[in-house]
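Protein chains get the first letters and strands the later ones, always in sequence-line order, with residue 1 at the start of each.
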Protein chains: 2
Amino acid sequence: MEKKNRTSLSQKWENQLSQAGYRITQPRRAILDIIAETERPLTPVEIFDLAGAQSAGIGLVTVYRTIEKLEELHLVEHVHHLGDCQTVFRCSEQHQHLLICTKCGSSYYFDGLEVEEQFNQIGKKFGYRITEHWLQLAGLCEECQKNNPKDRK
Amino acid sequence: MEKKNRTSLSQKWENQLSQAGYRITQPRRAILDIIAETERPLTPVEIFDLAGAQSAGIGLVTVYRTIEKLEELHLVEHVHHLGDCQTVFRCSEQHQHLLICTKCGSSYYFDGLEVEEQFNQIGKKFGYRITEHWLQLAGLCEECQKNNPKDRK
DNA sequence: TTGATATTGACATTCATTTTCAATAAGAGC
DNA sequence: GCTCTTATTGAAAATGAATGTCAATATCAA
């Protein structure tokens with residue numbers, strides 16, 4: 001059995017799951033690693049495939065259930081990848097907004113403090129009291145701008 | 001056959017569909033009317049139910065197909081109704097953002113010119129060239145704030 | 001080490017959406 | 001107004017994502 005290179009992030013998640021009373025199992029560990037390591041949103045099936053490649057015999061159901069727990073503890077969240085209403089995932093910290101590359105999917109979180117104040121203003125204009133907002137930016141990351149000199153599909 | 005009170009919006013859509021080479025059928029007309037008349041996002045099934053109440057025998061499949069065409073002509077768009085990744089619909093004009101009431105679902109569109117400039121700035125910070133953005137605000141509308149004196153669920 | 005039980009994976013089930021296909025109806029051309 | 005081509009329709013079947021069921025298994029507290 002080879003020693004896995006656990007990231008500090010998945011270690012942290014593991015502790016939080018444990019503290020919340022959940023057990024740490026091999027399948028869960030594999031799934032945590034995948035999500036923590038990957039710098040872009042993933043679909044449940046993608047996670048399933050990646051995890052399956054590492055340790056055999058992980059069920060897709062377990063992926064859904066693990067995601068559920070992580071979501072409950074606010075360790076991952078659902079994000080929307082371009083117009084399409086695909087359920088994908090990305091680990092997050094605090095309440096932040098996603099900036100995602102339309103080509104390679106690489107993404108960052110940013111806090112929207114500059115804009116959040118304006119949201120309240122806009123709401124006020126229409127008589128609304130804003131309680132939630134949903135913001136996501138998409139574009140080409142530095143890398144993909146280089147590799148995309150003109151506009152290849 | 002009673003005369004329907006067609007809204008000017010559905011009339012306009014009808015013309016655009018026609019100009020795009022699509023035929024105007026009774027089912028399509030009913031679906032157009034529903035979407036144009038309704039001031040909140042609707043799921044395909046909701047549209048199906050509402051349309052079915054008006055003229056019998058409209059298939060759910062036709063609802064999906066009509067939405068498809070309307071979307072193609074940018075007459076409706078998919079929106080996300082709060083965290084949940086439910087596919088719902090709402091008619092829109094131009095590129096605008098949705099402001100939606102979490103209680104009754106009533107909604108407005110607003111142009112986000114004030115904030116859009118800032119989006120580019122944020123992107124620049126991370127080396128991204130922003131090409132799309134996705135913004136939705138939710139809260140309580142004036143009416144629901146009144147009817148919701150404390151915080152009834 | 002042991003034992004209660006949370007978790008697992010296989011399978012069945014549900015629900016939303018898409019595909020298939022023969023029957024029908026829209027509308028262009030006469 | 002009538003005819004004919006073909007886009008459109010609805011029913012049924014097919015797909016696909018997500019959830020529920022359940023006996024076997026693995027975790028971890030004692």
All side chain to side chain contact (heavy atoms under 4.5 Å, CB included) counterparts of B/Gln16, not counting sequence neighbours: B/Lys12, B/Trp13, B/Leu75
- prompt: Who passes side chain to side chain contact (heavy atoms under 4.5 Å, CB included) against B/Gln121, sequence neighbours left out?
  reply: B/Glu117
Straight-line distance of A/Lys103 NZ to A/Glu143 CD, nearest 0.5 Å: 9.5 Å
- prompt: Is the backbone of A/Cys104 close enough, under 3.5 Å, to the side chain of A/Arg40 for a donor and an acceptor to pair up by distance?
  reply: no
task: Give a yes or no answer on whether the side chain of A/Thr38 reaches the backbone of A/Ile34 with a donor-acceptor pair at less than 3.5 Å.
output: yes
query: Would a 4.5 Å heavy-atom cut-off, applied to side chains only, mark A/Thr66 and A/Pro27 as touching?
result: no
query: Below 4.5 Å, heavy atoms only, C-beta onward: do A/Ser107 and A/Cys101 meet side chain to side chain?
result: no
task: Nearest-nucleotide wise, let me know which of B/Val61 and B/Val45 is further upstream toward the 5' end of DNA chain C.
output: B/Val45
message: Please confirm whether the shortest side-chain N or O distance from A/Arg28 to OP1 or OP2 of C/dA6 is below 4.0 Å.
response: no
Provide, to the nearest angstrom, the distance between the [atom1] atom belonging to [X] and the [atom2] atom belonging to [N].
X       : N      : atom1 : atom2 : result
B/Gln26 : D/dT8  : CD    : C1'   : 13 Å
A/Leu17 : D/dT27 : CG    : P     : 15 Å
A/Phe48 : D/dT19 : CZ    : P     : 16 Å
A/Glu14 : C/dT7  : CD    : C1'   : 15 Å
A/Glu68 : C/dA6  : CD    : P     : 15 Å
B/Ile67 : D/dT8  : CD1   : P     : 16 Å
B/Ile47 : C/dA16 : CD1   : C1'   : 14 Å
B/Tyr64 : D/dT15 : OH    : P     : 18 Å

- prompt: Which residue, A/Leu60 or A/Arg65, contacts DNA chain D at a nucleotide closer to its 5' end, judged by nearest heavy atom?
  reply: A/Leu60
Show each protein N/O and nucleotides 27-30 of chain C N/O combination with a separation under 3.5 Å, one pair to a line.
{"residue": "C/dG27", "atom": "OP1", "partner": "B/Ile24", "partner atom": "N", "Å": "2.7"}

